[in-house]
Amino acid sequence: MCGIVGIVAKSHVNQSIYDALTILQHRGQDAAGIVTWHNDKLFLRKDNGLVSDVFRTRHMKRLVGHIGIGHVRYPTAGSSSSAEAQPFYVNSPYGITLAHNGNLTNANEIAEHLYKEDLRHINTTSDSEVLLNVFAHEMQKQAEIVPTAETIFKAVAGVHKRVRGGYSVVAMINGFGLVAFRDPNGIRPAVYGVRETEAGKEYMVASESVALDGLDYKLERDIAPGECIVITKEGELFSQQCAENPKLAPCIFEHVYFARPDSIMDGISVYKARLKMGEYLAGKIMKERPDHDIDVVIPIPDTSRTSALQLANRLGVKYREGFMKNRYIGRTFIMPGQQQRKKSVKQKLNAIDLEFSGKNVLLVDDSIVRGTTCNQIIEMAREAGAKNVYFASAAPEVRYPNVYGIDMPAVTELIAHDRTVNEIEKAIGADWLVYQDLNDLKRSCLSGANTEVEEFDCSVFDSDYVTGDINEAYFTRLQAARSDASKASANSAEDVAIDLHNDQE
């Protein structure tokens, strides 16, 4: 998962993009990058690390211009080399930079075609570079000395025909302006907003509405699936549907885990959806265990707090903060190696014995992926004196890999793969385990929402991949790329990676 931002303003955008990326930092902690345009030149800075580590005063001073795009990243497969930090750049045609959130499911096939047919070289393993070169080639096919909104729309239509998967994109064309588009299924999120200034209108595109809020941009709407938005350097906005059969089927896991609760996605309040998840989960608990003996509900911070609070209210049980979190440790889900994940849990969380001692505790998490973190947290609860430790997941069983841009592990590393709920319960060491029902998860997101969403991509729960192109051969390749062993091997070669575009010290 990644975060993207693009701004066309009336003054320098470097600080605004930096601020937006810090707001979107939860979407990726592996690398960050910004590129700006000024006087027909592009200025780029990107590297591994958090936003605050990558950009220093000396870098910000060089990022001049009133148009720019930014990106925060974590890798879905392969290495976390700085060579794969975004945005990426190609000089032909025009000079185009691009940042991307998502995953192309036919990236290998396209990369081969780009080399053999389009005579384009791909320098990294990133599908974002593949996507950039497809867009650049489609722009070149238009054979226009100066690009127009119409030629860009034709190029994006060509991109949609060639690539498959989930993607939201911001790109900048040298001397012209900003381009943003979203995959024909709307799997990955993207919104845009407007800010009125004395000098005129300013526009911003971002992965989540919360980034607009933080910079005083008014949310206009989501970018529609398959739609392209073009904003010229003069501040003119054009939009057009560029896909043949678009449908809105966004990733439901954004609402479960990734998005900030104060974001609105496709007309759905993430906060309200998580409240409803807690309500429906409480209803299931009361149905299955009407005589439950739960003394206290404790969330596993941070994402599950909203659901846990509503669950406790519905059950009429005390809600307590039983784990204190070290804010300076990264999200364990994003960490590439199993050993690093194991080591980080106790560094990240500390139990307050007072809230556990002698009590029957219900721990609530947003989801269970590998289960190793759950196991350690349950052990911590027992060490803190809990009498019984029950566990609730606000999402259903994660049984299948995500192929649209979320770094879920290989299928054999998913704890729910080929296990029953009772078997998972034993594997994580819980006295009782309850999962959200998939229909209730969908209802949670749609309840009372002002949205055009009729279906979600729920493939990690039900193996129904909305692009319709996923088969066993794809899973075999994915297994090879996403296992912890393969990531460790890829990262060991990081020091030989060549970053042709990075602004070195």
Side-chain angles (χ1 to χ4, degrees), residues 2 4-6 8 33 35 37 42 44 67-71 73 84 86-185 187-188 190 205 223 225-232 238-244 246 405 501:
C2 301
I4 59 171
V5 61
V8 177
V35 61
W37 174 85
L42 297 170
L44 172 66
I67 305 175
I69 63 175
H71 187 266
R73 170 190 186 266
E84 302 202 359
Q86 299 183 42
F88 284 108
Y89 166 77
V90 289
N91 67 344
S92 178
Y94 314 118
I96 302 174
T97 59
L98 178 144
H100 155 235
N101 169 35
N103 185 60
L104 306 186
T105 56
N106 63 339
N108 292 341
E109 173 190 330
I110 297 172
E112 184 176 354
H113 190 271
L114 283 167
Y115 180 73
K116 291 181 178 179
E117 303 295 329
D118 300 345
L119 307 181
R120 286 181 172 271
H121 171 68
I122 305 300
N123 193 58
T124 71
T125 60
S126 173
D127 62 341
S128 302
E129 190 185 12
V130 172
L131 184 55
L132 168 60
N133 276 273
V134 172
F135 177 57
H137 183 74
E138 294 297 323
M139 286 295 297
Q140 199 154 8
K141 283 168 59 177
Q142 306 306 314
E144 296 285 349
I145 295 177
V146 178
T148 64
E150 187 59 34
T151 58
I152 292 169
F153 293 146
K154 289 179 180 178
V156 172
V159 171
H160 288 328
K161 289 177 181 177
R162 291 182 66 177
V163 306
R164 297 191 298 270
Y167 50 92
S168 57
V169 175
V170 287
M172 189 167 58
I173 301 176
N174 181 42
F176 179 80
L178 187 74
V179 179
F181 56 92
R182 194 176 176 193
D183 69 82
N185 294 292
I187 298 171
R188 298 268 67 89
V205 175
I223 296 176
E227 182 184 22
C228 176
I229 287 178
V230 172
I231 307 166
T232 68
F238 305 89
S239 66
Q240 184 170 300
Q241 177 56 250
C242 298
E244 292 180 351
H501 305 314

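For reference, positions follow the sequence shown, starting with 1.
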Subject >> Pair Leu114-Val134, side chain to side chain contact (heavy atoms under 4.5 Å, CB included): steps then yes or no >> reply: CA-CA 7 Å; Leu114 283 167; Val134 172; 4.1 Å; yes
For [X], all residues meeting side chain to side chain contact (heavy atoms under 4.5 Å, CB included), sequence neighbours excluded:
X: His113; answer: Glu117, Asp118, Arg162
X: Gln140; answer: Ser92, Pro93, Arg120
X: Lys141; answer: His137, Glu138
X: Ala157; answer: Cys242

Does any N or O in the side chain of [X] come within less than 3.5 Å of the main-chain N or O of [Y], such that one atom is a donor and the other an acceptor?
X: Asp127; Y: Leu104; answer: yes
X: Asn101; Y: Cys2; answer: yes
X: Asn185; Y: Ile187; answer: no
X: Glu129; Y: Gln86; answer: no

Subject >> Student check: side-chain heavy atoms of Leu131 and Val159 closer than 4.5 Å >> reply: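 Yes; the side chains approach each other to less than 4.5 Å.
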**OP:** Indicate yes or no: at least one non-hydrogen side-chain atom of Cys228 is less than 4.5 angstrom from one of Gln240.
**Re:** no
**OP:** Return each pair, listed once, that meets salt bridge (charged side-chain N to carboxylate O under 4.0 Å, His left out) where at least one residue sits in residues 97-112; pairs must be two or more places apart or across chains.
**Re:** Glu109-Arg164, Glu112-Lys116
Original post:
Relative to the ring of Phe181, is the ring of Phe135 parallel (under 30°), tilted (30 to 60°) or perpendicular (over 60°)?
Top reply: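 Plane angle between 30° and 60°, so tilted.
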Taking all atoms of both residues into account, what is the closest heavy-atom pair of [X] and [Y], and its distance?
X: Ile69; Y: Ala99; answer: CD1-N, 4.0 Å
X: Glu227; Y: Ser239; answer: OE2-CB, 3.4 Å
X: Gly33; Y: Pro87; answer: C-CD, 3.7 Å
X: Ala155; Y: Met139; answer: CB-SD, 3.4 Å
X: Val170; Y: Val5; answer: CG2-O, 3.8 Å

How long is the gap from [atom1] on [X] to [atom2] on [Y], to the nearest 0.5 Å?
X: Ile223; Y: Ile229; atom1: CD1; atom2: CD1; answer: 4.0 Å
X: Ile231; Y: Met172; atom1: CD1; atom2: CE; answer: 12.5 Å
X: Leu44; Y: Tyr89; atom1: CG; atom2: OH; answer: 10.0 Å

**OP:** Report the residues that fulfil side chain to side chain donor-acceptor pair (under 3.5 Å) with Thr232, sequence neighbours left out, ordered by chain and then residue number.
**Re:** Glu234
Using atom types as modelled, flag every donor-acceptor pair under 3.5 Å from a side chain in residues 143-153 to any protein atom, sequence neighbours excluded.
{"residue": "Thr148", "atom": "OG1", "partner": "Glu150", "partner atom": "N", "Å": "3.4"}
{"residue": "Thr148", "atom": "OG1", "partner": "Thr151", "partner atom": "N", "Å": "3.2"}
{"residue": "Thr148", "atom": "OG1", "partner": "Thr151", "partner atom": "OG1", "Å": "3.4"}
{"residue": "Thr151", "atom": "OG1", "partner": "Thr148", "partner atom": "N", "Å": "2.9"}
{"residue": "Thr151", "atom": "OG1", "partner": "Thr148", "partner atom": "O", "Å": "2.8"}

Original post:
Applying the side chain to side chain donor-acceptor pair (under 3.5 Å) test to Tyr167, which of Arg182, His100, His160 qualifies?
Top reply: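 The option that passes is His160.
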Determine all donor-acceptor pairs shorter than 3.5 Å in which one atom belongs to a side chain in residues 173-180; sequence neighbours excluded.
{"residue": "Asn174", "atom": "OD1", "partner": "Trp37", "partner atom": "NE1", "Å": "2.6"}
{"residue": "Asn174", "atom": "ND2", "partner": "Tyr94", "partner atom": "O", "Å": "3.3"}

